[in-house]
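Comments concern the structure below.
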Amino acid sequence: MLWLVLNPHEIELRPKPVRRHVRSPRLKSRAFHDLETGQIKSLLFFGALNTMSGTPVVTRFAPSPTGFLHIGGARTALFNWLYARHTGGKMLLRIEDTDRARSTDEAVAAILEGLKWLGLDWDGEPVSQFSRTDMHKEAVDALLASGNAYKCYCSREELDAMREKAMAEGKPPRYDGRCRHRAPDDAPEGIAPVIRFRSPEEGETLIDDKVQGEVTFANKDLDDLIILRSDGTPTYNLSVVVDDHDMGVTHIIRGVDHLTNSARQSQIYSALGWDVPVMAHIPLIHGPDGAKLSKRHGALGVEAYREMGYLPQAMRNYLARLSWSHGDDEIFSTQQMIEWFDLPGIGKSAARFDFAKLENLNGHYMRASSDDELLRELERSLPHLPQGPDFLARLTPGKRDALRASMTGLKERAKTLNELVAGAQYLVAERPLALDEKAAGLLGSDARDMLSRLHDALAGIGEWNAETLEEAVRLFAEKNELKLGKVAQPLRAALTGTTTSPGIFDVLTVLGREESLGRISDQSTTN
RNA sequence: GCGCCCUUCGUCUAGUGGUUAGGACACCGCCCUUUCACGGCGGAAACACGGGUUCGAGUCCCGUAGGGCGUACCA
């Protein structure tokens with residue numbers, strides 16, 4: 001809850017009937033329209049109740065489409081989603097595209113795609129804030145009519161000068177209110193005015209935030225903000241209030257960078273005679289070096305994480321643990337996350353993004369996946385992975401079977417899907433295999449001699465399976481008075497071109513007799 | 001500059017006046033072992049600093065330092 005503390009003088013000055021003005025026919029009809037769809041009604045029946053007011057919880061995620069969905073936005077979306085799911089409420093999606101110059105359709109698509117990949121769904125259709133400007137303007141008119149807003153004719157030059165002057169005097173840079181008391185008939189010629197909100201000059205505005213606690217702002221530090229641009233389009237702080245109110249948002253969960261906005265919005269809510277939703281301002285995510293997240297420190301679009309081979313469930317789990325905790329629990333299913341998530345579990349300090357931990361979690365989820373699940377996930381992801389398309393092109397049905405058969409051994413050696421692809425390269429490689437440096441180092445002339453003898457020993461095997469192969473290789477090692485490692489490592493190098501792979505008998509089995517013997521032969525002295 | 005917020009191992013965090021300050025990641029060592037992993041066991045590692053309040057402060061208060069956010073006709 002937020003509320004506004006007005007000084008008595010301010011209240012007297014203002015025309016009182018704010019409530020009547022805001023009930024414009026349009027706003028009212030919207031509300032009825034919602035009721036007619038039956039959505040509200042069904043919510044009342046089936047939705048969990050917001051303990052604060054007894055109404056169903058409605059959260060929203062409201063990104064601005066000026067770029068991809070970055071990691072901070074993704075976590076904000078996750079928290080909103082989690083809270084809505086936890087309470088049995090709804091999460092709405094609203095695209096804050098009122099800045100036409102900076103908003104793009106590509107960004108909208110990227111945000112939607114990012115949310116879908118993360119597995120965060122929303123209720124209803126995404127709402128374009130820009131499409132609702134008529135309604136926003138009506139609220140501006142209502143504010144104007146009630147005396148809670150006024151026209152300002154100051155030029156940008158004047159405003160800049162104002163700011164510089166205030167800075168020089170060590171005061172907060174703010175609008176000095178010079179048009180605040182201008183008489184309506186005192187309009188300068190030929191200047192398209194902006195509309196400013198008439199904010200209280202004294203007293204303070206208190207935000208009772210579910211995460212930040214009670215935060216107080218002196219009203220003298222909050223200047224008269226522009227709510228309608230000179231081109232007649234509404235600005236963010238006004239639009240947000242109107243939309244959140246109209247869309248029935250009960251809980252606003254967003255980054256702390258909005259805290260000051262919330263103070264101003266709280267004043268607008270009051271002037272409009274509306275209740276302020278429950279607020280929860282969550283800490284931001286910092287880069288690994290503690291500085292603000294930037295493109296160089298992990299503020300990548302979620303699609304970048306997909307390209308790095310992370311699993312959505314790992315991302316969800318990792319993101320959930322940033323500034324939120326449930327005791328010592330570290331790894332939990334999405335279902336548990338929903339059960340456990342609540343606002344009191346959110347801390348106030350910012351968290352650094354740690355790729356090492358994300359990777360560990362990702363490895364955990366890969367290992368925890370069944371072989372089939374992981375194979376499906378990999379196939380879905382291949383188009384997005386750097387080596388994916390090439391790998392996919394080589395993945396014949398037979399090799400896909402081999403991949404499936406090798407998954408158990410492969411997945412515990414990979415922390416990302418990219419590592420999984422790298423580890424599976426030997427399955428799709430063509431003879432003769434290229435050897436990496438370490439593998440080449442393993443294949444001296446002694447080893448190559450040994451390989452030709454081993455080739456002959458294996459060629460005579462009847463049934464080609466892990467058991468018979470292990471028996472044969474161990475026997476071979478014994479006869480040649482070699483430790484198993486002395487045989488297995490060169491064999492691995494010949495079979496995979498690397499020094500790292502799943503168990504060597506599994507490799508032999510999956511590759512099959514012909515391919516295995518061929519690869520061994522390729523590296524033998526006599527072939 | 002001004003306003004608001006933050007500060008427990010390197011990192012994410014538990015902790016709500018009395019704990020040997022716990023867990024996880026990362027790191028180090030050992031075990032397992034055909035490689036690499038996985039797994040198991042063990043280790044090192046923190047209450048930013050200074051004042052109060054209290055019989056007793058990581059926990060409450062004040063200050064200092066450091067950090068973050070905000071300060072637009074962006075959202």
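So you know, we letter chains A, B, ... as the sequences are listed, proteins then strands, and number each from 1.
Rounded to a whole angstrom, the distance from the C1' atom of B:A65 to that of B:G23 is 30 Å. For B:C47 and B:U11, the P atoms lie 12 Å apart once the distance is rounded to whole Å. Separation of the P atoms belonging to B:C36 and B:C28 is 15 Å when rounded to the nearest angstrom. To the nearest whole angstrom, the two C1' atoms, one in B:G15 and one in B:G3, are 31 Å apart.
Remark: A:E339 CD is packed, more than 12 non-hydrogen atoms of other residues, nucleotides or ligands lying under 6.0 Å away. In A:E471, the CD atom is not crowded: 12 or fewer heavy atoms of neighbouring residues, nucleotides or ligands sit closer than 6.0 Å.
Remark: A:R413 is not in phosphate contact with B:C38, judged by side-chain N or O atoms under 4.0 Å from OP1 or OP2. Contact annotation: A:S103 side-chain N/O to B:A75 OP1/OP2 distance is not under 4.0 Å. Here A:R163 reaches the OP1 or OP2 of B:C73: one of its side-chain N or O atoms lies under 4.0 Å away. Regarding contacts with the backbone of B:A26, a side-chain N or O of A:N360 is found under 4.0 angstrom from either OP1 or OP2. OP1 or OP2 of B:C74 lies within a sub-4.0 Å distance of a side-chain N or O belonging to A:R229.
Of the candidate nucleotides B:U34, B:G68, B:C12, B:U34 has the atom lying nearest to any side-chain atom of A:I504. Distances from the side chain of A:E96 to the nucleotides B:U35, B:A75, B:C73 place B:A75 closest. With B:G39, B:A75, B:A24 as the choices, the nucleotide that has an atom nearest any side-chain atom of A:R367 turns out to be B:G39. Taking every side-chain heavy atom of A:F217 into account, B:C4 is the closest of B:C4, B:A26, B:G70. The side chain of A:Q489 has B:U35 as its nearest neighbour among B:C12, B:U35, B:C5.
Residue-level contact check: A:P502 touches the bases, meaning some heavy atom is under 4.0 Å from a base atom. Among the atoms of the strands shown, only primed sugar atoms or phosphate atoms (P, OP1, OP2) are found under 4.0 Å from some heavy atom of A:S349. As judged by a 4.0 angstrom heavy-atom cut-off over every strand, A:G503 is placed among the base-contacting residues. Across all strands shown, A:V194 has heavy atoms under 4.0 Å from base atoms, whether or not it also approaches the sugar-phosphate. At a threshold of 4.0 angstrom between heavy atoms, the contacts of A:S64 are confined to the sugar-phosphate backbone, with no base atom among them. Within 4.0 Å of A:S325, counting heavy atoms only, lie sugar-phosphate atoms of the nucleic acid but no base atom. Within the 4.0 angstrom heavy-atom criterion, base atoms lie near A:F505. Looking at heavy-atom distances under 4.0 Å, A:T233 makes no contact with the nucleic acid at all. Across all strands shown, A:L259 has heavy atoms under 4.0 Å from sugar-phosphate atoms exclusively, and none from any base. If you check every strand for non-hydrogen atoms under 4.0 Å, A:T498 touches nothing. At the heavy-atom level, A:S323 lies under 4.0 Å from the strands shown only through sugar-phosphate atoms. Residue A:R492 is classed as a base contact, given a heavy-atom separation below 4.0 Å to a base. Within the nucleic acid shown, A:R156 comes within 4.0 Å of at least one base atom, counting heavy atoms only. The residue A:T499 sits close to a base: some heavy atom pair falls under 4.0 Å.
Taking the six-membered ring where the residue is Trp, A:F353 and A:Y318 present perpendicular rings, their angle passing 60° and hence far from 30°. Ring geometry, A:H326 versus A:W340: the interplanar angle falls under 30°, so the pair is classed parallel (tilted spans 30 to 60°). Using bins of under 30°, 30° to 60° and over 60° for the plane-to-plane angle, the ring pair A:F355/A:Y305 lands in the parallel bin.
Judged by distance alone with a 3.5 Å cut-off, a donor-acceptor contact links the side chain of A:D328 to the base of B:G22. Put simply, the side chain of A:N261 and the base of B:A75 share a donor and an acceptor less than 3.5 Å apart. For B:C73, the base has no donor-acceptor partner in the side chain of A:T235 [N/O atoms by modelled type, under 3.5 angstrom]. A donor-acceptor contact under 3.5 Å is formed by the side chain of A:R102 with the base of B:C74. For A:K357 and B:C12, a side-chain-to-base donor-acceptor distance below 3.5 Å is present, hydrogens and geometry of angles not being considered.
Regarding A:Q212, its CD atom lies at a distance of 14 Å from the P atom of B:C69, rounded to whole Å. Atom NZ of A:K415 and atom C1' of B:C25 are 12 Å apart (whole Å). For A:N480 and B:U34, the CG to C1' distance is 16 Å, given to the nearest whole Å. If you measure from atom CD of A:E330 to atom C1' of B:G22, you get 12 Å, rounded to the nearest angstrom. Atom OH in A:Y365 sits about 13 Å away from atom P in B:C25, given to the nearest Å. Going from atom CZ of A:R264 over to atom C1' of B:A72 covers 10 Å, rounded to whole Å. Between A:D257 atom CG and B:A75 atom C1' the separation is 9 Å, expressed in whole Å. As a whole-Å value, the separation of A:L284 CG from B:C4 P is 18 Å.
The cationic atom of A:R100 (NZ for Lys, CZ for Arg) lies less than 6.0 Å from the six-membered ring centre of A:F130 and within 45° of the ring axis.
A donor-acceptor pair is defined here as one N or O able to donate and one able to accept, closer than 3.5 Å; no such pair exists between the side chain of A:R254 and the backbone of A:H281.
Nucleotide B:U64: paired with B:A48 (Watson-Crick or G-U wobble, both distances less than 3.5 Å). Applying the Watson-Crick and G-U wobble criteria (two distances, each under 3.5 Å), B:A37 pairs with nothing in any strand. Using N1 to N3 plus N6-O4 or O6-N4 for Watson-Crick, or N1-O2 and O6-N3 for G-U wobble, each under 3.5 Å, B:C32 pairs with nothing.
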- Criterion salt bridge (Lys or Arg N to Asp or Glu O under 4.0 Å) on A:R132 and A:D246, from CA distance to verdict: CA-CA 10 Å; A:R132 303 159 61 89; A:D246 182 70; 2.7 Å; yes
- Message: salt bridge (Lys or Arg N to Asp or Glu O under 4.0 Å), that's the test. Do A:R94 and A:D244 meet it? Break it down for me.
- Response: CA-CA 10 Å; A:R94 186 176 66 231; A:D244 282 339; 2.8 Å; yes
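Residue ring and nucleobase are stacked for A:H258 and B:A75, with a centre distance beneath 5.5 angstrom and an angle between planes beneath 30°.
If you find the closest nucleotide of RNA chain B to A:R474 and to A:E412, the one lying nearer the 5' end belongs to A:R474. Taking for each of A:A62 and A:G327 the nucleotide of RNA chain B with the nearest heavy atom, the 5'-most of the two is the partner of A:G327.
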